[in-house]
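This report concerns only the one structure given below.
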Amino acid sequence: MIAKKYRLREYEVSRIFKKGRPFFSEFWTMNCLESRGAKNHRMAVSISRKHDKRAVQRNRYRRGLYDGLLSALRTPADKYFQCVFTLKK
């Protein structure tokens, strides 16, 4: 679990899905939106039940992504972003 200041709320996630810019990789889709006046990056991970029925496995994917990106979340930057990661099937 990441610190609360790095997490997005549910209404922010839906706003990013509507207004954010998508970026695609082989396994993930990332929707980003620049956040003006923010002091750090914020993120959320969305993994649906169609990827795996077991919540334990979905949480394992989520934790792996959080661990990989935690150092990037803590790095100071000129612009800060709100990002939502979605696992591709």
Side-chain angles (χ1 to χ4, degrees):
M1 185 65 78
I2 60 173
K4 202 168 197 172
K5 66 180 180 179
Y6 298 125
R7 285 185 271 169
L8 290 170
R9 295 188 178 100
E10 188 175 346
Y11 73 91
E12 294 171 324
V13 171
S14 61
R15 183 174 55 93
I16 291 169
F17 276 131
K18 290 177 186 174
K19 297 183 179 183
R21 182 174 176 205
F23 297 93
F24 303 97
S25 74
E26 187 177 354
F27 300 109
W28 294 95
T29 300
M30 177 178 74
N31 292 33
C32 282
L33 191 63
E34 184 179 348
S35 57
R36 303 189 197 297
K39 296 179 182 172
N40 47 36
H41 298 293
R42 299 176 70 195
M43 66 177 280
V45 179
S46 172
I47 303 172
S48 71
R49 258 175 105 179
K50 78 175 183 182
H51 296 295
D52 201 326
K53 301 283 186 218
R54 298 166 295 181
V56 173
Q57 286 301 110
R58 292 193 307 268
N59 289 336
R60 182 174 290 158
Y61 297 140
R62 187 176 292 115
R63 281 193 309 268
L65 186 63
Y66 282 152
D67 289 342
L69 293 175
L70 192 58
S71 62
L73 289 174
R74 294 180 177 161
T75 306
D78 295 334
K79 293 182 180 181
Y80 292 101
F81 292 93
Q82 297 176 340
C83 298
V84 179
F85 292 86
T86 308
L87 184 63
K88 286 184 180 179
K89 184 65 178 175

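The shown structure was predicted, so the numbers you read here are calculated from the model rather than taken from an experiment. When a residue number appears, it is its place in the shown sequence, counting from 1.
By the 4.5 Å side-chain criterion applied to Ile, Leu, Val, Met, Phe, Trp and Tyr, L65 is assigned to a cluster that also includes I2, Y6, F23, F27, W28, M30, M43, V45, I47, Y61, Y66, L69, L70, L73, F85, L87. Here Y11 sits alone; no ILVMFWY side chain lies under 4.5 Å from its own, so it joins no hydrophobic cluster.
The side-chain contact (heavy atoms from CB on, under 4.5 Å) with Q82 is formed by just one residue from the set E34, E12, H41; it is E12.
Interatomic distance, K5 NZ to R42 CZ, rounded to the nearest 0.5 Å: 11.5 Å. In this structure, OG in S35 is found 8.5 Å from CD1 in I16, a value given to the nearest 0.5 Å.
The two residues L8 and C83 have their closest heavy-atom pair at CD1-O, 3.5 Å.
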**Request:** Decide side chain to side chain contact (heavy atoms under 4.5 Å, CB included) for N31 and T29; before the verdict, give the C-alpha distance in whole Å, the side-chain angles of both, and the deciding distance to 0.1 Å.
**Result:** CA-CA 7 Å; N31 292 33; T29 300; 3.7 Å; yes
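Around the NZ atom of K50, the shell of radius 6.0 Å holds no more than 12 heavy atoms that belong to other residues, nucleotides or ligands.
Sequence neighbours left out, the pairs with a member in residues 51-72 that pass salt bridge (charged side-chain N to carboxylate O under 4.0 Å, His left out) are D52-R54.
No donor-acceptor pair closer than 3.5 Å links the side chain of K39 to the backbone N or O of Y80.
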